[in-house]
Q: 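Starting off with a structure, shown below.
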Amino acid sequence: MTFPLYIFLIIYFIFLLIWLIFSFIGVYHMLKFGFLNLTTFFVIFIFIAVSFLILIASYKYLSQIDWRMNISIFGDIIKINF
Amino acid sequence: MLSIYRLPGKLPDEKVMKVLRRDLFILVKKILFFLLLLILPFVLSYLVATSIFPEILFGQISYPLFILLVSFFYLFLWVFFFFSFIDYYLDVWIITNERIINIEQQGFFARTISEQRLERIQDVTSEVEGFFPTILKYGNVYVQTAGAKERFFFSEIPNPDEVRDTIIKLAEISKKRAAHIA
C-alpha cells in the first residue's frame, strides 16, 4: 500500500482546526467573563503572541520537508519511493 | 465583561470590600507543571538520541512525524495551560458591605453566580489544612447562612482567618442596620 506523506500533514491540519476552535473558546471566555482590566488583555495578548510563535516555528521546520514523498507499506516493512 | 464597578445586581450604596481569588501558589503550581511538560519533548529526544537507535530521529518518515507531534504537543499544551489559567482567573469571590458573591467558572459554557446577603449569615468558619497552606497562609472559608443547606465556600483563598473576621464584622454591621430599619 502506498500513500503520500502529506496525509500526516492533513491530519495535523485537522487537529490545528480543533486547536483553533479551543483557542477561540478560551479568548471568548476571557473577553466575556474576565474582569475589565489590563490583566485580561495582557493575558490574551500573551496567549496569541506565544501561539503565533509556536505556529511560526512549526512552519519553519515543516516547510523544509518534502511532503510529496510516497510511503509504501508491505506488511510491517516501510519503504520510501521518490 | 465583569467590572467591580458594575457588579451583577448592584445594590444602592454597595461598596466592594474585598475581591478574592485562589492563592497565587495555586497558579504557581499550575505554571510549574506546565514548565515540566514543556521540557518533555527535549527529554524524550535526548533519550532517543542516546539510545541504540539515534537515527530514528532523522529518518525520512520519523523526522516529519516527530516535528508534527512536537508542534501538536506544544500547541495543545499551550491552549490547555490557557484553559487552566482561565479556570483560576475566572473563579472570584467578592465581599461587599451588603453581600458576598461567588462567581465560579465550571469548565466551559458553565458558569455559576451565587450571592448571600450578609444579614443572613449565621456562622463563618476558616480552615487551613496541610503543609503548604499552613506555610503560605491559604485555606478555605465556609459561610453558613440561615435556611441554606449548602454552605458558601471560598476555596484556597489567601489569609482565610482575616477574611473570616472581615465577613463576621460586616455581617454584624449589616444585622445591626437591618434591626435598626425594622
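Only heavy atoms go into these numbers, but all of them, side chains included; no hydrogens, no water, no symmetry mates. Proteins come first, then strands; the chains are lettered A, B, ... in the order of their sequence lines, and each starts at number 1.
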Q: Report yes if some heavy atom in the side chain of A/Leu53 is under 4.5 Å from a heavy atom in the side chain of B/Tyr74; otherwise report no.
A: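 In short, these two side chains do not touch, never coming nearer than 4.5 Å.
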
Q: Side chain, backbone, both or neither: which part of B/Phe81 has a heavy atom under 4.5 Å from chain A?
A: neither

Q: According to the interplanar angle, ranging from 0 to 90°, do the rings of A/Phe47 and B/Trp78 count as parallel (below 30°), tilted (30 to 60°) or perpendicular (above 60°)?
A: parallel

Q: Using every non-hydrogen atom in the two residues, find where B/Leu90 and A/His29 come nearest and quote the distance to one decimal.
A: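 Here B/Leu90 and A/His29 meet closest at CD1-O, 3.9 Å.
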
Q: What pair of heavy atoms forms the shortest contact from B/Phe82 to A/Gly26, and how long is it?
A: CE2-C, 3.5 Å

Q: Please check if atom CG in A/Leu38 has more than 12 non-hydrogen atoms from other residues, nucleotides or ligands closer than 6.0 Å.
A: no

Q: For atom NZ of B/Lys169, is the number of surrounding heavy atoms from other residues, nucleotides or ligands below 6.0 Å larger than 12?
A: no

Q: Sub-3.5 Å donor-acceptor pair from the side chain of A/Trp19 to the main-chain atoms of B/Val79, do we have one?
A: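 Not confirmed, A/Trp19 side chain does not pair with B/Val79 backbone.
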
Q: Tell me, out of A/Phe22, A/Trp67, A/Tyr61, A/Tyr28, who's got the most heavy-atom pairs with chain B below 4.5 Å.
A: A/Phe22

Q: Take atom CD in A/Gln64; do more than 12 heavy atoms of anything else shown fall under 6.0 Å from it?
A: yes

Q: Please look at A/Ile46 and chain B and tell me whether the side chain, the backbone, both or neither of the residue comes under 4.5 angstrom of a heavy atom of that chain.
A: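 Both the backbone and the side chain of A/Ile46 come within 4.5 Å of chain B.
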
Q: Is B/Ile26 reachable from B/Phe153 through a run of I, L, V, M, F, W or Y residues, each pair having side-chain heavy atoms under 4.5 Å apart?
A: no

Q: Answer yes or no: does atom CZ of B/Phe76 have more than 12 heavy-atom neighbours from other residues, nucleotides or ligands under 6.0 Å?
A: yes

Q: I want to check something: taking the side chain as every heavy atom from C-beta on, are A/Leu55 and B/Leu75 in contact at a cut-off of under 4.5 Å?
A: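 The answer is yes, as the side chains (C-beta and beyond) meet within the 4.5 Å cut-off.
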
Q: Which atoms of B/Phe83 are under 4.5 Å from chain A, going by heavy atoms: the side chain, the backbone, both sets, or neither?
A: side chain

Q: Please say yes or no: joined through hydrophobic side-chain contacts below 4.5 Å, possibly via intermediate residues, are B/Phe42 and B/Tyr46 part of one cluster?
A: no

Q: For the CZ atom of B/Phe73 and the CD1 atom of A/Ile54, what is their distance to the nearest 0.5 Å?
A: 10.5 Å

Q: Is B/Leu68 close to chain A through its backbone or its side chain, or both, or neither, when contacts mean heavy atoms under 4.5 Å?
A: both

Q: Would you say A/Ser58 and B/Ile67 make side-chain contact, with heavy atoms under 4.5 Å?
A: no

Q: Tell me, side chain or backbone of B/Tyr89 under 4.5 Å from chain A's heavy atoms, or both, or neither?
A: side chain

Q: Taking atom NZ as the centre, does B/Lys137 end up with more than 12 heavy-atom neighbours from other residues, nucleotides or ligands that are less than 6.0 angstrom away?
A: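 Open: at most 12 neighbouring heavy atoms sit under 6.0 Å from NZ of B/Lys137.
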
Q: Give, as side chain, backbone, both or neither, the part of A/Phe8 having an atom under 4.5 angstrom from any heavy atom of chain B.
A: both

Q: Need one label for B/Leu69: side chain, backbone, both or neither, based on atoms under 4.5 Å from any heavy atom in chain A.
A: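 The answer is neither part of B/Leu69.
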
